[in-house]
Amino acid sequence: MEGDRQGLTALADELRSIARMDDGGHQHIEYFPDHCYLAAGSLAMVVKSPHGGMPTR
């Protein structure tokens with residue numbers, strides 16, 4: 001992964017929020033025009049909660 005400090009901090013914050021999901025689930029992180037920290041050409045990824053499963057809510 002590479003990027004400026006602001007973009008990497010935003011990504012780290014998002015990853016921490018996914019890690020705090022207590023009901024399982026996942027988050028799709030992918031570029032779209034005017035994305036706040038991903039650049040065009042960035043690869044998409046799906047990050048799964050460490051608690052597994054799908055959300056129950």
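When a residue number appears, it is its place in the shown sequence, counting from 1. Heavy-atom basis, side chains included; hydrogens, waters and symmetry copies ignored.
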Smallest separation among heavy atoms of [X] and [Y], with atom names:
| X | Y | answer |
| --- | --- | --- |
| Tyr37 | Ala10 | CD2-CB, 3.5 Å |
| His35 | Glu30 | CD2-O, 3.5 Å |
| Met1 | Leu11 | SD-CD2, 3.5 Å |

request  = Using the side chain to side chain contact (heavy atoms under 4.5 Å, CB included) rule, pick out the option among Ile18, Val46, Leu43 that qualifies with Ile29.
outcome  =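 It is Ile18; the other options fail the test.
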inquiry  = If you count heavy atoms of other groups shown closer than 6.0 angstrom to CE of Met45, is the number above 12?
reply    =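 Enclosed.
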inquiry  = Starting from Leu15, can I reach Met21 by hopping between I/L/V/M/F/W/Y residues whose side chains sit under 4.5 Å apart?
reply    =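 Yes, it is one cluster - the side chains of Met21 and Leu15 are joined through contacts under 4.5 Å.
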